[in-house]
Amino acid sequence: MTARHFVNWRGSQKGIGQTLPNSGKPFGKNSAPLVRPENRPHASFLQHWAREITEGRLDVLQGSRLMLRVGWFPMGQPKELEQLWNLLDDWDEIPRLRGQITSELFVFAKELLRKES
């Protein structure tokens, strides 16, 4: 099962939006949009790395993986990062398309900056 299939499968399961036992925090797909106050520290890192990518100071793949690491699970798998998750999954699964995927990751970083400003 690839990561994309897991996300699609997980999103179809019951219980989305419930809280984890003893945590009070929501879990599941789209549970914590980037704009929520509790996501501000993570969103700041996302913006920083997106800016570093678009200004050529950070490798596109490395920066994208940093953004995923700081954003995907800590922010509750927000829908705004699904494309990033899927592109990085494709990078690992489809080596022949890596040039195209790198371009799409760069565009993702530019769009993230545009949306956040």
Side-chain angles (χ1 to χ4, degrees):
M1 178 182 294
T2 67
R4 181 178 298 162
H5 293 119
F6 177 74
V7 169
N8 291 337
W9 170 83
R10 189 164 190 268
S12 68
Q13 301 304 301
K14 291 183 179 181
I16 301 296
Q18 294 178 356
T19 57
L20 293 170
N22 303 321
S23 75
K25 294 185 178 181
F27 72 96
K29 185 176 175 185
N30 306 330
S31 62
L34 299 179
V35 294
R36 288 196 180 167
E38 65 268 21
N39 287 334
R40 281 192 190 122
H42 302 289
S44 294
F45 279 118
L46 290 173
Q47 282 185 314
H48 171 73
W49 287 319
R51 188 171 292 105
E52 294 292 303
I53 290 169
T54 58
E55 293 178 1
R57 291 189 295 261
L58 182 61
D59 177 73
V60 175
L61 181 62
Q62 290 174 341
S64 298
R65 288 192 171 156
L66 285 169
M67 289 192 304
L68 186 70
R69 192 170 299 135
V70 77
W72 185 248
F73 287 113
M75 297 173 82
Q77 303 172 1
K79 69 178 181 176
E80 295 92 341
L81 298 181
E82 279 185 7
Q83 181 184 7
L84 179 62
W85 173 275
N86 291 332
L87 287 169
L88 289 172
D89 182 52
D90 288 348
W91 172 271
D92 293 331
E93 299 289 326
I94 313 170
R96 71 182 185 284
L97 296 179
R98 286 185 175 167
Q100 176 185 340
I101 294 167
T102 300
S103 297
E104 291 178 34
L105 288 167
F106 184 84
V107 170
F108 177 85
K110 280 178 58 173
E111 287 296 311
L112 185 69
L113 285 174
R114 186 183 62 77
K115 290 176 186 175
E116 295 296 317
S117 55

Contacts of Asp59 that satisfy salt bridge (Lys or Arg N to Asp or Glu O under 4.0 Å) - sequence neighbours left out: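 For Asp59, no residue satisfies salt bridge (Lys or Arg N to Asp or Glu O under 4.0 Å) once neighbours in sequence are set aside.
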Using salt bridge (Lys or Arg N to Asp or Glu O under 4.0 Å) as the criterion, list what pairs up with Arg96, not counting sequence neighbours.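 In terms of salt bridge (Lys or Arg N to Asp or Glu O under 4.0 Å), with neighbours along the sequence ignored, Arg96 is linked to no residue.
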Would you confirm whether His42, through its side chain, and Val70, through its main-chain N or O, come within 3.5 Å as a donor-acceptor pair?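 It does hold such a pair.
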Can you see which heavy atom on [X] is nearest to which on [Y], and at what distance?
X     : Y      : value
Ala50 : Ala109 : CB-O, 3.7 Å
Leu84 : Leu68  : CD2-N, 3.7 Å
Asp92 : Arg65  : OD1-NH2, 2.9 Å
Ile53 : Ser64  : CD1-N, 3.7 Å
Met75 : Gly71  : CB-O, 2.9 Å
Gly63 : Leu58  : CA-CD2, 3.4 Å

Hey, quick one: are Leu97 and Leu88 part of the same hydrophobic cluster, counting side-chain heavy atoms closer than 4.5 Å, chains of contacts allowed?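 As far as the 4.5 Å side-chain criterion goes, Leu88 and Leu97 are connected within one cluster.
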Check the hydrophobic clustering (I, L, V, M, F, W, Y; side-chain heavy atoms under 4.5 Å; chains of links allowed) and say if Val107 and Ile94 are grouped together.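 No, because Val107 and Ile94 fall into different hydrophobic clusters, even though each may have its own neighbours under 4.5 Å.
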Glu82/Lys79 salt bridge by N-O under 4.0 Å criterion: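 Not counted as a salt bridge, because no side-chain N and carboxylate O are separated by less than 4.0 Å.
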[X] side chain near [Y] side chain, heavy-atom distance below 4.5 Å:
X      : Y     : answer
Arg69  : Trp49 : no
Phe108 : Leu81 : yes
Glu52  : Leu66 : no

Give a yes or no on whether Phe106 atom CZ has more than 12 heavy-atom contacts from other residues, nucleotides or ligands under 6.0 Å away.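 Result for CZ/Phe106: enclosed.
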Which of parallel (below 30°), tilted (30 to 60°) and perpendicular (above 60°) describes Trp85 and Phe73?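 Ring orientation of Trp85 relative to Phe73: perpendicular.
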Checking Glu104 against Gln100 for the side chain to side chain contact (heavy atoms under 4.5 Å, CB included) test, could you report, in this order, the C-alpha distance in whole Å, the side-chain angles of both residues, the deciding distance, and whether it holds? CA-CA 6 Å; Glu104 291 178 34; Gln100 176 185 340; 2.9 Å; yes
Hey, could you give me the NE2/CZ distance between His48 and Arg51, rounded to the nearest 0.5 Å?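 His48 NE2 to Arg51 CZ: 8.5 Å, rounded to 0.5 Å.
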